Participant: 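Here you go, one structure.
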Amino acid sequence: MSGDDLSESLEGIYHIQGRDFVDAGIVSSEVKKSLQGKGIPESIIRRIAVITFEAEINIISYAQQGTIQLFIEPDAVIIEANDMGPGIADIDLALQEGYSTADDSIRELGFGAGMGLCNIRKFSDIFELTSEVGQGTHLKSIVKLNG
Amino acid sequence: MNLETLVEALGLKCKCCWEKLKNTQVRGGYAGDLLSDVMANSSAGDIWVTRQVHQNIVAVASLKDLAGIVVVQGASPDKDTLERAGKEGIPILVTDMAKFEVVGRIYRLLSEG
Ligand SMILES: Nc1ncnc2c1ncn2[C@@H]1O[C@H](COP(=O)(O)OP(=O)(O)O)[C@@H](O)[C@H]1O
Ligand SMILES: [Mg+2]
């Protein structure tokens with residue numbers, strides 16, 4: 001399913017600029033549109049929309065810039081989010097529901113509840129998060145298409 | 001119930017996409033101001049009741065296929081919010097009522113059928 005060479009199933013690469021809350025959600029909308037009309041159930045598309053949105057918001061909130069890549073395989077959809085940013089020192093802590101380092105400007109917009117990574121994990125079938133402090137963060141989420 | 005019936009019953013003001021009200025079905029509702037909460041826990045066809053006015057609410061509603069957004073307590077949606085709602089076809093309704101009252105009324109309306 002998710003062999004190492006994904007290049008053939010790459011559907012799109014989307015660039016995200018840090019701190020650009022005005023355009024927040026645009027990449028997720030693009031991803032959603034790319035998934036429509038391909039026979040993928042709407043409920044699965046909505047799960048992927050949640051994953052992409054939270055990944056997009058995290059790049060905007062915490063990193064300088066990043067990308068989201070969408071892969072569509074015959075039996076799975078894969079979302080990869082890579083950013084250049086501060087990284088995450090303690091991944092277990094970041095994954096705790098309610099833990100957030102978001103500042104007030106982020107919270108005023110309704111973000112920063114500390115639920116983003118939890119939700120990504122909850123809506124993924126396979127979830128990987130790795131990070132290097134001072135370098136950036138890499139997130140991979142796989143959603144299976146058949147059960 | 002269609003969104004037009006709900007809007008009329010509660011006396012909501014429509015700020016965007018009135019042409020969609022008649023053909024939009026409301027299947028349930030969700031209330032909240034934390035976008036991650038609404039992303040994770042709302043269902044398609046829900047009417048969403050919130051105090052948020054920033055344009056990110058349109059992205060959330062559109063990604064989750066929500067029926068529309070009710071902005072409460074007399075808050076006015078940003079100009080950008082209405083523009084984006086127009087583009088994405090997300091109805092934006094406003095009211096002076098507080099969230100508690102709006103949610104209670106919608107809940108009763110939906111359970112009566
Ligand atoms: N891409 C990222 N780069 C750096 N830190 C991150 C990134 N994503 C998440 N974090 C850290 O993990 C915490 C929890 O993230 P999340 O669960 O999405 O909640 P929230 O964004 O609401 O704080 C964030 O507050 C932040 O400290
Ligand atoms: Mg987050």
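Computed from a predicted structure; not experimentally measured. In what follows, chains are A, B, ... by sequence order, proteins preceding strands, each numbered from 1.
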Participant: If every non-hydrogen atom of Met115(A) is compared with every non-hydrogen atom of Asp37(B), which pair is closest and at what distance?
Facilitator: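 Here Met115(A) and Asp37(B) meet closest at CE-CA, 3.7 Å.
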Participant: Answer yes or no: does atom CD of Glu19(B) have more than 12 heavy-atom neighbours from other residues, nucleotides or ligands under 6.0 Å?
Facilitator: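 Check passes, neighbour count above 12.
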Participant: Let me confirm one number: the OG-NZ distance from Ser29(A) to Lys87(B), rounded to the nearest 0.5 Å.
Facilitator: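 NZ of Lys87(B) is found 11.0 Å from OG of Ser29(A).
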Participant: Should we count NZ of Lys99(B) as having more than 12 external heavy atoms under 6.0 Å?
Facilitator: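 Counting other residues, nucleotides and ligands, NZ of Lys99(B) exceeds 12 neighbours.
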Participant: Measuring heavy-atom distances to chain A, does Arg51(B) have an atom under 4.5 Å in its side chain, in its backbone, in both, or in neither?
Facilitator: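 It is neither, since no heavy atom gets under 4.5 Å.
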Participant: Given salt bridge (charged side-chain N to carboxylate O under 4.0 Å, His left out), test Asp65(B) with Lys32(A) step by step and report yes or no.
Facilitator: CA-CA 11 Å; Asp65(B) 302 319; Lys32(A) 184 175 176 184; 2.6 Å; yes
Participant: Do Ile57(B) and Val70(B) belong together in a cluster built from hydrophobic side chains that touch within less than 4.5 Å?
Facilitator: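 Different clusters: Ile57(B) never reaches Val70(B) through Ile, Leu, Val, Met, Phe, Trp or Tyr contacts under 4.5 Å.
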Participant: Identify which of Gln52(B), Lys64(B), His54(B) forms the greatest number of heavy-atom pairs closer than 4.5 Å to chain A.
Facilitator: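 Highest number of heavy-atom pairs under 4.5 Å: Gln52(B).
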Participant: Would you mind checking which part of Asp78(B) comes under 4.5 Å of any heavy atom in chain A, side chain (CB onward), backbone (N, CA, C, O), both or neither?
Facilitator: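 Interface part for Asp78(B): neither.
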Participant: Would you give the length of the straight line joining atom CZ of Arg46(A) to atom OG of Ser43(B), rounded to the nearest 0.5 angstrom?
Facilitator: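 Between atom CZ of Arg46(A) and atom OG of Ser43(B) there are 8.5 Å.
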Participant: Looking at Phe123(A) and Ala40(B), what are the two nearest heavy atoms and their distance?
Facilitator: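 Nearest pair, atom of Phe123(A) first, then Ala40(B): CZ-O, 3.4 Å.
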Participant: Highest number of heavy-atom pairs under 4.5 Å with chain A: which of Val60(B), Leu34(B), Asn56(B)?
Facilitator: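 Greatest number of close heavy-atom pairs with chain A: Asn56(B).
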Participant: Would you kindly confirm whether Leu6(A) and Ile13(A) end up in one hydrophobic cluster when ILVMFWY residues are joined by side chain heavy atoms under 4.5 Å apart?
Facilitator: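 In one cluster with Leu6(A): Ile13(A), yes.
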Participant: So which heavy atom on Gly25(A) is nearest to which on Ala59(B), and how close?
Facilitator: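 In this case the closest contact between Gly25(A) and Ala59(B) is CA-CB, 4.1 Å.
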Participant: Decide whether Leu70(A) and Val143(A) are clustered together by the hydrophobic rule: side chain heavy atoms of Ile, Leu, Val, Met, Phe, Trp, Tyr closer than 4.5 Å, transitively.
Facilitator: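 Linked, Leu70(A) and Val143(A) end up in one cluster.
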Participant: Below 4.5 Å from any heavy atom of chain B, which atoms of Glu42(A) appear? Answer side chain, backbone, both or neither.
Facilitator: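 Glu42(A) touches chain B through side-chain heavy atoms alone.
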Participant: Heavy-atom cut-off 4.5 Å, strictly under: side chain, backbone, both or neither for Val31(A) against chain B?
Facilitator: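 Interface part for Val31(A): neither.
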Participant: Count the heavy-atom pairs under 4.5 Å between each of Ile26(A), Ile45(A), Leu109(A), Asn119(A) and chain B, then report the option with the highest count.
Facilitator: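 Greatest number of close heavy-atom pairs with chain B: Leu109(A).
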Participant: Which atoms of Asp33(B) are under 4.5 Å from chain A, going by heavy atoms: the side chain, the backbone, both sets, or neither?
Facilitator: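 For Asp33(B), the contact with chain A is made by the backbone alone.
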Participant: Got a second to check how far Leu63(B)'s CG is from Thr52(A)'s OG1, nearest 0.5 Å?
Facilitator: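 Rounded to the nearest 0.5 Å, the CG-OG1 separation comes to 8.0 Å.
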Participant: Among Gly112(A), Gly110(A), Gly114(A), which has the most heavy-atom pairs under 4.5 Å with chain B?
Facilitator: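 Max contact count across the listed options: Gly110(A).
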Participant: Consider only side-chain heavy atoms of I, L, V, M, F, W and Y, link residues closer than 4.5 Å, and tell whether Val71(B) and Leu93(B) are in one cluster.
Facilitator: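 No; tracing contacts between hydrophobic side chains, which count when under 4.5 Å, never links both residues.
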Participant: What do the steps show when you test Met39(B) against Ile57(A) for side-chain contact (heavy atoms from CB on, under 4.5 Å), and what is the final call?
Facilitator: CA-CA 12 Å; Met39(B) 268 318 270; Ile57(A) 296 301; over 6 Å; no
Participant: As an exercise, state the distance from CG of Asn58(A) to OG of Ser36(B), rounded to the nearest 0.5 Å.
Facilitator: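 Reported value, rounded in 0.5 Å steps: 8.0 Å.
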Participant: Leu117(A), Ile51(A): one ILVMFWY side-chain cluster at the under-4.5 Å cut-off?
Facilitator: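 Yes; tracing contacts between hydrophobic side chains, which count when under 4.5 Å, links both residues.
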Participant: Any chance CZ of Arg107(A) has more than 12 other-residue heavy atoms, nucleotides or ligands included, within less than 6.0 Å?
Facilitator: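 Yes, CZ of Arg107(A) has more than 12 neighbouring heavy atoms, counting only those of other groups under 6.0 Å.
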